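In what follows, a single structure is set out as structure tokens and then discussed.
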2 protein chains.
Amino acid sequence: MTLPHPTTDQISLPLVLSVLGDPTRLAIVALLARREGGKGRMNCSRFLSLGSKTNLSYHLAKLREAGVTRTEVVGTQRFLTLRREDLDQRFPGLLDSIVAGAELAAIPRLEESVEMA
Amino acid sequence: MTLPHPTTDQISLPLVLSVLGDPTRLAIVALLARREGGKGRMNCSRFLSLGSKTNLSYHLAKLREAGVTRTEVVGTQRFLTLRREDLDQRFPGLLDSIVAGAELAAIPRLEESVEMA
DNA sequence: TCAATTGTTCAATAATCTTTGAACTAAGGG
DNA sequence: CCCTTAGTTCAAAGATTATTGAACAATTGA
């Protein structure tokens, strides 16, 4: 099973901006960015400190639909990654400046638990 | 008379993003960016092709309150400028990448009329 | 002073977006 | 198989946002 994602050239700037204008979603992206290059993708439950399961499902769908994240279905889990290359190609510098700016605000530092995957 | 503007360090990233997530406001910023360095500031009526007078008043207030634009009151007119230096200082690279991205979408090319001020 | 120009405010409506709980699906593990 | 885990879907409620027209205020030019 594979979820719908916009192609790179379908990624819309106003949509990306409004999606990242929500503090919960911005925090999710900041957390994903910290993790980049690291070994592990993150599954949804890693973000439970930011909202209820249902609410996260909603916000993570928004991020995926806007083309900000990629969601991989593995069993009953969904693994999330930032679509950095696609975003960098389409809107050079945007993600970096947003992530840097998001760090200015306090992004909760997920309790580091065991790495999975 | 002078209108309230946030100080540079009061400018909030999520607020800037959600304010620029609106297509009308993004178009206004793109138009202001084109005009930068030019001699003339723009008054509100220059944007009438993007919405009604009342509606523009609403959107322009949002841009000002978020710290994206500066509004100078001169007589009955309001002259708008991008707060580029403040934004560049607080969120380096953000404005440039957004303006560049906005140009990808079709930003209406204001009918060039007589320069005032 | 009168009238036009520029733009705001207000209140109402419409449209979107967010949050929630209950019920559900789909894998796994034992 | 049954039970747990991981996450979605749905519908309802709540909260914000956007759009509109009517009325208003302030400045400016004739």
Side-chain angles (χ1 to χ4, degrees), chain A residues 1-5 12 14-29 32 40-66 68-81 110 113-117, chain B residues 1-5 12 14-29 32 40-66 68-81 110 113-117:
Chain A
M1 238 267 300
T2 167
L3 296 169
H5 292 78
S12 144
L15 188 53
V16 167
L17 296 179
S18 61
V19 155
L20 294 182
D22 177 275
T24 299
R25 292 188 292 251
L26 186 57
I28 291 169
V29 166
L32 284 171
R41 301 155 302 175
M42 296 173 96
N43 62 14
C44 301
S45 63
R46 297 298 301 275
F47 301 102
L48 278 174
S49 58
L50 300 176
S52 66
K53 200 169 57 155
T54 307
N55 195 216
L56 278 180
S57 187
Y58 169 77
H59 285 303
L60 294 173
K62 290 277 180 186
L63 286 168
R64 173 177 50 76
E65 288 160 8
V68 175
T69 58
R70 188 170 296 283
T71 303
E72 242 182 297
V73 178
V74 178
T76 67
Q77 304 191 65
R78 274 85 177 137
F79 288 100
L80 289 187
T81 48
L110 283 196
S113 56
V114 199
E115 196 72 33
M116 32 195 356
Chain B
M1 236 268 299
T2 164
L3 296 169
H5 292 79
S12 144
L15 187 53
V16 167
L17 296 179
S18 60
V19 155
L20 295 183
D22 178 276
T24 300
R25 292 188 294 251
L26 186 57
I28 291 169
V29 166
L32 285 171
R41 302 157 299 176
M42 296 174 98
N43 64 12
C44 301
S45 63
R46 298 296 303 273
F47 301 102
L48 278 174
S49 58
L50 300 175
S52 68
K53 202 169 56 155
T54 306
N55 195 217
L56 278 179
S57 186
Y58 169 77
H59 285 303
L60 294 174
K62 290 277 180 186
L63 286 167
R64 173 178 49 77
E65 289 160 8
V68 175
T69 57
R70 189 169 297 282
T71 304
E72 243 183 297
V73 177
V74 178
T76 67
Q77 305 190 69
R78 274 85 177 134
F79 286 100
L80 289 187
T81 48
L110 283 196
S113 55
V114 198
E115 197 72 31
M116 32 195 355

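Lettering follows sequence order; numbering is per chain, from 1. No hydrogens, no waters, no symmetry mates; every other heavy atom, side chains included, goes into these values. Only a predicted model underlies this, so the values are computations on that prediction, with no experimental measurement involved.
With values rounded to the nearest 0.5 angstrom, Arg64(B) atom CZ is found 11.0 Å from Arg70(B) atom CZ. If you take CG on Leu48(A) and CZ on Arg46(A), they are separated by 10.5 Å, rounding to the nearest 0.5 Å. To the nearest 0.5 Å, atoms NE2 (His59(A)) and NZ (Lys62(A)) are separated by 9.5 Å. Once rounded to the nearest 0.5 Å, the distance linking OH of Tyr58(A) with OG1 of Thr24(A) reads 10.5 Å.
dT8(C) atom P lies 11 Å from atom CG of Asn43(B), rounded to whole Å. Atom CG in Leu3(A) sits about 8 Å away from atom P in dT8(D), given to the nearest Å. Here dG7(C) presents its P atom at 10 Å from CZ of Phe47(B), a figure rounded to the nearest Å. dT8(D) atom C1' lies 11 Å from atom CZ of Arg64(A), rounded to whole Å. Regarding Glu72(A), its CD atom lies at a distance of 16 Å from the C1' atom of dA6(D), rounded to whole Å. Leu60(B) places its CG atom 13 Å from the P atom of dA18(D), with the value rounded to the nearest Å. Note: CE (Met42(A)) to C1' (dA6(D)) measures 16 Å, nearest angstrom. Here dA18(D) presents its P atom at 11 Å from CG of Leu63(B), a figure rounded to the nearest Å.
Not one N or O on the side chain of Arg25(B) forms a donor-acceptor pair closer than 3.5 Å with the backbone of Pro23(B).
Toward the 5' end of DNA chain C, the nearer of the two residues Lys53(A) and Cys44(B), judged by each one's closest nucleotide, is Cys44(B).
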Worksheet item: Where do Ile28(B) and Leu56(B) land on the side-chain contact (heavy atoms from CB on, under 4.5 Å) test, with the steps shown first?
Response: CA-CA 10 Å; Ile28(B) 291 169; Leu56(B) 278 179; 4.1 Å; yes
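With Leu63(A) as the fixed residue, the side-chain contact (heavy atoms from CB on, under 4.5 Å) test singles out one of Thr71(A), Thr69(A), Leu26(A), Val16(A): Thr69(A). Of the residues Leu80(B), Val19(B), Val68(B), the one that meets the side-chain contact (heavy atoms from CB on, under 4.5 Å) test with Val29(B) is Val68(B).
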Below 3.5 Å between N/O atoms, which protein atoms pair up with nucleotides 16-20 of chain C? Just atom names and distances, please.
unit_1: dT18(C); atom_1: OP1; unit_2: Arg25(A); atom_2: NH2; d: 2.9
unit_1: dT18(C); atom_1: OP2; unit_2: Arg25(A); atom_2: NH1; d: 3.3
unit_1: dT18(C); atom_1: OP2; unit_2: Tyr58(A); atom_2: OH; d: 2.6
unit_1: dT19(C); atom_1: OP2; unit_2: Asn55(A); atom_2: OD1; d: 3.3
unit_1: dT19(C); atom_1: OP2; unit_2: Asn55(A); atom_2: ND2; d: 3.3
unit_1: dT19(C); atom_1: OP2; unit_2: His59(A); atom_2: NE2; d: 2.6

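Here the shortest heavy-atom pairing between Leu60(A) and Cys44(A) reads CD1-SG, 3.6 Å.
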Worksheet, complete the sentence: Per-nucleotide protein contact along nucleotides 25-30 of chain D, 5' to 3', at a 4.0 Å heavy-atom cut-off (B base, S sugar-phosphate only, - neither), is -BBS--
